[in-house]
Chemist: 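Got a structure for you, written out below as structure tokens; questions coming shortly.
Heads up: numbering here begins at 1 and tracks the sequence.
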Amino acid sequence: MRTHGARTAWMVAFLVTAWGFNWPLSKMALAFTPPILFSGMRTLAGGIILLIVARITRPGQLNLRKNWYIYLISSLFNIILYYALQTIGLAYLPSGLFSAIVFLQPMLVGILSWLWLGDPMHAWKVAGLVLGFVGVGVISLGSLSGVHSSSIGIILAVATSVSWAIGTVYVKKTSGLVDPVWLVAIQLVIGGMLMSGIGSAIEPLQSIRWTGEFIALFAIISVIVIALGWLVYFTLIGSGEATKVASYTFLIPLISAFASALLMREPLTLSLVVGLVLVLVSIYFVNRPAPAVKEKASTQ
């Protein structure tokens, strides 16, 4: 129906916009708070919101005693390592560049799914993977000559991408065993509690400057980016829009680069633009279905 298609389009637009703006907004928030503590607090706040939603809309589907290890492993890769590495890494690189490298994730998912799950690796995927690494190379080499570049930041961005890819493939492998909304809620709460605890131990709480700007950034990231973003994502997945969601996620690093230029006056350098185009095209190739194999007519 046309109404359903319009609703899906709005949800996809919201998702890629929210997750695209997440990068510069998070970098702006780091001016007011230590990284690990902020990573834990925003994740925990988003998780509590989703926990309330799951408790109301999906009672009895938690199955914690049976599936505790799935929640724990998913939390480690998708939340703890992903958000911790991301938050620390943003202190070393411009957010547009950082997000471009992190969004190698779909290509890494392709490799891990092939090795771990036996997913087919066709010619379009191979071309996309090669093109993606070329794009990241262009972005990285171009940025290394700038005053805001950092090899540590690039390593942290790659580590963030690898962690997210492993977590994504693990969730794909265990799909059907856990409810997706409960999975996201629990992993956000587990990861948020752990990172908040670690942050409190090594970063002074009094170093957080609770200004109006920081409170606004914290609320936007916790509610819109984390809680609503993940909720919309799994709503789309549950309604049969997984392929469409995957095909549109390539817009996120592009939105992030322009959002960073708009909000933080970060430069849109030629190497960044060229590299982003290569990465975007590569993600499109990776998500392209395998070419249809024409069956030869039987001559028997």
Side-chain angles (χ1 to χ4, degrees), residues 15 18-19 22 26 34-55 57-90 102-103 105-106 108-109 112-113 116-117 156-203 218 221-235 237-238 242 245 249:
L15 181 66
W19 283 4
N22 171 56
S26 296
I36 299 178
L37 197 54
F38 173 63
S39 182
M41 292 191 308
R42 68 175 180 174
T43 305
L44 180 58
I48 291 174
I49 293 171
L50 271 185
L51 198 64
I52 295 171
V53 172
R55 183 67 181 85
T57 62
R58 293 165 133 82
Q61 298 185 40
L62 175 59
N63 295 323
L64 184 60
R65 181 176 298 180
K66 179 181 178 181
N67 298 319
W68 64 268
Y69 68 96
I70 298 177
Y71 294 129
L72 191 60
I73 295 173
S74 181
S75 299
L76 175 63
F77 288 102
N78 286 315
I79 303 300
I80 298 171
L81 290 177
Y82 174 69
Y83 277 115
L85 292 169
Q86 173 195 132
T87 304
I88 297 171
L90 282 171
V102 168
F103 273 88
Q105 185 261 6
L108 296 177
V109 167
L112 294 176
S113 296
W116 192 6
L117 306 179
L156 288 171
V158 172
T160 303
S161 182
V162 171
S163 173
W164 188 16
I166 293 174
T168 298
V169 175
Y170 180 75
V171 169
K172 182 178 180 181
K173 184 178 178 65
T174 57
S175 62
L177 299 177
V178 294
D179 177 81
V181 177
W182 272 112
L183 176 62
V184 176
I186 292 298
Q187 69 183 17
L188 286 174
V189 170
I190 291 176
M193 290 178 63
L194 180 59
M195 287 187 291
S196 296
I198 295 174
S200 299
I202 64 178
E203 296 170 339
F218 181 80
I221 294 171
S222 299
V223 177
I224 297 178
V225 174
I226 295 181
L228 290 181
W230 283 109
L231 187 59
V232 166
Y233 177 78
F234 280 110
T235 299
I237 295 294
V245 174
T249 55

Chemist: Step by step, would you call I166 with L108 a side chain to side chain contact (heavy atoms under 4.5 Å, CB included)?
Modeler: CA-CA 8 Å; I166 293 174; L108 296 177; over 6 Å; no
Chemist: Could you tell me which non-hydrogen atom of V225 sits nearest to which non-hydrogen atom of W19, and how far apart they are?
Modeler: O-NE1, 3.0 Å
Chemist: Looking at every heavy atom in both G46 and A227, which two are closest together, and how far apart are they?
Modeler: O-CB, 3.7 Å
Chemist: Verify, without hydrogens or angle tests, whether T57 (side chain) and V53 (backbone) share a donor-acceptor contact under 3.5 angstrom.
Modeler: yes
Chemist: Using modelled atom types and a 3.5 Å cut-off, is there a donor and acceptor pairing between side-chain atoms of S196 and backbone atoms of G40?
Modeler: yes
Chemist: Can you list the steps and then say if V223 with R42 is a side chain to side chain contact (heavy atoms under 4.5 Å, CB included)?
Modeler: CA-CA 9 Å; V223 177; R42 68 175 180 174; over 6 Å; no
Chemist: From L183 CG over to S74 OG, what is the distance, rounded to the nearest 0.5 angstrom?
Modeler: 4.5 Å
Chemist: With rounding to the nearest 0.5 Å, note down the distance linking OG1 in T174 to CD1 in I73.
Modeler: 8.5 Å
Chemist: Would you name the heavy atoms of T160 and Q86 that are closest together and state the gap between them?
Modeler: OG1-N, 3.4 Å
Chemist: Within the 4.5 Å heavy-atom criterion, are Q187 and L76 side-chain neighbours or not?
Modeler: no
Chemist: Are the side chains of P35 and E203 in touch, meaning some heavy atoms are under 4.5 Å apart?
Modeler: yes
Chemist: For the atom pair OG (S200) and CD1 (I36), what is the distance rounded to the nearest 0.5 Å?
Modeler: 10.5 Å
Chemist: Under a 4.5 Å cut-off applied to non-hydrogen side-chain atoms, are I190 and L194 in contact?
Modeler: no
Chemist: Which distance, rounded to the nearest 0.5 Å, do you find between the CD1 of I70 and the CG of N63?
Modeler: 10.0 Å
Chemist: Between F38 and Y83, is any pair of side-chain heavy atoms under 4.5 Å apart?
Modeler: no
Chemist: Can you tell me how far the CG atom of L188 sits from the CG atom of N78, to the nearest 0.5 Å?
Modeler: 9.5 Å
Chemist: Is it the case that the side chain of Y71 and the backbone of L62 share a donor-acceptor pair, with hydrogens and angles ignored and the cut-off at 3.5 Å?
Modeler: yes
Chemist: Identify the heavy atoms of L15 and V232 that sit nearest to each other, and give their distance.
Modeler: CB-CG1, 4.4 Å
Chemist: Answer yes or no: are there more than 12 heavy-atom neighbours, outside R55 itself, under 6.0 Å from its atom CZ?
Modeler: no
Chemist: Which heavy atom in I79 sits nearest to a heavy atom in G191, and how many Å separate them?
Modeler: CG2-CA, 3.7 Å
Chemist: Among W116, W164, F77, which one satisfies side-chain contact (heavy atoms from CB on, under 4.5 Å) with V169?
Modeler: W116
Chemist: Which value, rounded to the nearest 0.5 Å, describes the distance between I221 atom CD1 and I224 atom CD1?
Modeler: 10.0 Å
